[in-house]
Amino acid sequence: MRTYAMYIDGEWAPAASGRTFEVMNPATGEAMATAPDAAAPDVDRAVRAARRAFEEGWRDVTAQERGRVLFRLAETVRKKAKELAELETLNSGKPLVESEYDVNDVATCFEYYGGLATKLHGEVMNVPDNAISLALREPLGVAAQIIPWNYPLLMAAWKIAPALCAGCTTVIKPAEQTPLTLLELAREFEACGIPKGVVNVITGFGESAGAPLAAHPEVDKVAFTGSVEVGKAVMRAAAETLKKVSLELGGKSPNIFFADADFEAAVDGALFGVFINQGEVCSAGSRVLVQRPIYKKMLDAMIEKAKKIKLGSGLDPATKMGPVVSKAQMERVQRYQEIGKKEAKVAVGGGRPADPALQRGYFVEPTIFYDVANTAQIAREEIFGPVMSVIPFDDEAEALRLANDTPYGLAAAVWSRDIFKALRMVKRLQAGIVWVNHMQPTYVEAPWGGYKMSGIGRELGPWGAEEYLQVKQVHINLNEAPIGWY
Ligand code: NAI
Ligand code: MG
């Protein structure tokens, strides 16, 4: 069992209290490492380091050099890809092939923001005066970044890359369930040319480490991905010193299938939309809306395929679905499986797998409920596990009404061969990301974030960097004479 330390001010540190916590392998239910259990004094030390690093150097480092740092990070991730992917699978449970995709996306994210660093610029305005009017973009300062456990290293990259690109420093807290890949990457920070204090990694729990980080007066910006409940708490904590806030809070995204969709693609797309990454996906297509003429046929085809999804250790190449991340998450999914059985009909799954080999890990069956009312709890609340709710609809108007009848608005997908219908839906869906004839592809070039209660702000692309910048208006008077007012 490995003992990890935190990375604060360029040094490896235990918690000031000396306390640690166990990090689990969800496939076996056994501890695989320990990490420091940080609290307010550790957070304070890290934030002060980030402040110092910002004021005393990083803010003046050229964009070219910041870009080079990010390119070196990308190169390092590619070199260590195999090791990082295996560790990600061991710690999060996801199948290795998915970890490999994630690690590649991590490198791509660092490359993208490495390139963007030299393309951030201000503007010149045409003001009606003898003057030059500028809008400069400046880094916000110190960022606090709190991330979840579903894509541990990728969520870290989505946060660290735009912050460094923009010239901010950061204190990042991985989820207590999955701190390991980020701590492994932190070993390379110095060699990549990241100065002391520019990126600090704090490990610990939400209440004891996350809350003081979100509330710290020396933090200028908080970026959070996770539950709505904690998102609100983060926003309240940020209000005290009016920190800038960006939140990505998941959803209950509709995956909408019209009768004229390509049938085979539809079946695959519905399963992929909600079962990939064990359903632990913020944009999971957990509400599958199917038009009545294909409802029965599509349900049968999905059941057929869902039954064959192979559960197992993520390291086994035959595995299509790993365990969920933690015992708590397994129990949460089980709770919703029980609720679903009362609210709707079970097509497949509905509990834990019977296989004796899967009893110790946090495995749950891929589950499909059908004839689900959109008012049911399983259609309204984010489950964050492999649970699909299938809901029938008659026409376009009903599909749209059901799709938008949710407090969330992260993502949506529409499947149809009729481009007019698909685009009418695209225009009316209340979601920050809308896919047509696909669900889940995510690109660092494209904006990511939610409408309604799915969040505030956008990650990725230039929008992601914008969240770490503020605009300074500069007015340069070219008249040498006095104003002449007095
Ligand atoms: P969570 O929102 O509690 O945890 C996410 C991160 O926030 C972790 O790093 C955690 O340590 C931190 N955190 C927790 N409480 C905090 C506080 N008071 N102040 C500051 N930071 C805090 O999510 P949890 O409990 O792990 O999962 C519960 C549900 O949340 C899931 O079932 C899912 O529905 C949703 N969720 C959504 C995610 C998304 O990608 N949008 C990711 C993870 C969870
Ligand atoms: Mg929580």
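Start at 1 and go down the list; that is how both ligands and their atoms are numbered.
Residue-level proximity to ligand 1 for Gln329 is carried by the side chain, the only part with a heavy atom below 4.0 angstrom. With a 4.0 Å cut-off on non-hydrogen atoms, Glu176 touches ligand 1 through its side chain and not its backbone. Contacts between Ala233 and ligand 1 below 4.0 angstrom, taking non-hydrogen atoms only, are absent altogether. Of all the heavy atoms of Leu249, the ones lying under 4.0 Å from any atom of ligand 1 belong exclusively to the backbone.
Using a 4.0 Å cut-off between charged nitrogen and carboxylate oxygen, Arg51 and Asp220 count as a salt-bridge pair. Ion pairing between a basic and an acidic side chain is recognised when a charged N comes within 4.0 Å of a carboxylate O; Arg360 and Glu30 show such pairing. Ionic pairing of Arg458 and Glu466 is not present here: no N-O contact between side-chain nitrogen and carboxylate oxygen is shorter than 4.0 angstrom. A salt bridge does not link Arg48 with Asp9: none of the charged nitrogens is closer than 4.0 Å to a carboxylate oxygen. Using a 4.0 Å cut-off between charged nitrogen and carboxylate oxygen, Arg335 and Glu338 do not count as a salt-bridge pair. A salt bridge links Glu111 to Arg78: at least one charged side-chain nitrogen sits closer than 4.0 Å to a carboxylate oxygen. Classification of Glu459 and Lys159 as a salt-bridged pair holds, one side-chain N sitting under 4.0 Å from a carboxylate O. Of the charged side-chain nitrogens involved, at least one lies within less than 4.0 Å of a carboxylate oxygen, so that Glu467 and Lys221 count as a salt-bridged pair.
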Report task. Could you walk me through whether Arg2 and Glu184 pass salt bridge (Lys or Arg N to Asp or Glu O under 4.0 Å), step by step? Result -> CA-CA 12 Å; Arg2 280 191 72 168; Glu184 278 302 328; 3.4 Å; yes

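For atom 26 (O) of ligand 1, the closest heavy atom belonging to the protein is Trp149 NE1, 2.6 Å. Of all protein heavy atoms, the one lying nearest to atom 30 (O) of ligand 1 is Ser227 CB, 3.1 Å. In terms of protein heavy-atom proximity, atom 43 (C) of ligand 1 is nearest to Pro148 CB, 3.5 Å. In this structure, atom 13 (N) of ligand 1 lies nearest to the protein heavy atom Gly206 CA, 3.3 Å. With respect to atom 7 (O) of ligand 1, the closest heavy atom belonging to the protein is Phe224 CE1, 3.2 Å. Counting only heavy atoms of the protein, atom 38 (C) of ligand 1 lies nearest to Phe384 CZ, 3.3 Å. Distance from atom 41 (N) of ligand 1 to its nearest protein heavy atom, with residue and atom name: Gly250 N, 3.1 Å. Ranking protein heavy atoms by distance to atom 32 (O) of ligand 1, first place goes to Arg332 NE, 2.7 Å.
Atoms of ligand 1 found under 4.0 Å from any heavy atom of Glu207 (numbered from 1 in listed order, with element): 18 (N). The contact set between ligand 1 and Glu248, taken as ligand atoms under 4.0 Å from a residue heavy atom, comprises 41 (N). Interface atoms of ligand 1 facing Gly210, defined by a heavy-atom separation under 4.0 Å, are 19 (N), 20 (C), 21 (N). Taking every heavy atom of Ala211 and a limit of under 4.0 angstrom, the matching atoms of ligand 1 come to 19 (N), 20 (C). The ligand atoms of ligand 1 that sit less than 4.0 angstrom from a heavy atom of Asn150 are 40 (O). If you number the atoms of ligand 1 from 1 as listed, the ones under 4.0 Å from a heavy atom of Glu382 come out as 33 (C), 34 (O), 35 (C), 37 (C).
With sequence neighbours excluded, the residues satisfying ring-ring contact (aromatic ring centres under 6.0 Å, His included) with Phe393 are Phe258.
Using a 30° and 60° split on the angle between ring planes, Trp415 and His438 fall in the tilted class, from 30° to 60°.
If you check each of Ile383, Ile147, Val333 against atom 6 (C) of ligand 1, the one with the closest non-hydrogen atom is Ile147. The option with the heavy atom closest to atom 5 (C) of ligand 1, from among Val230, Leu410, Thr225, Ile146, is Thr225.
Within 4.0 Å of atom 34 (O) of ligand 1, at least one protein heavy atom is present. For atom 15 (N) of ligand 1, the protein comes within 4.0 Å by at least one heavy atom.
More than 12 heavy atoms of other residues, nucleotides or ligands lie within 6.0 Å of CZ in Arg187, so this atom counts as buried by the packing criterion.
In this structure, NZ on Lys320 lies 8.0 Å from CD1 on Ile276, to the nearest 0.5 angstrom.
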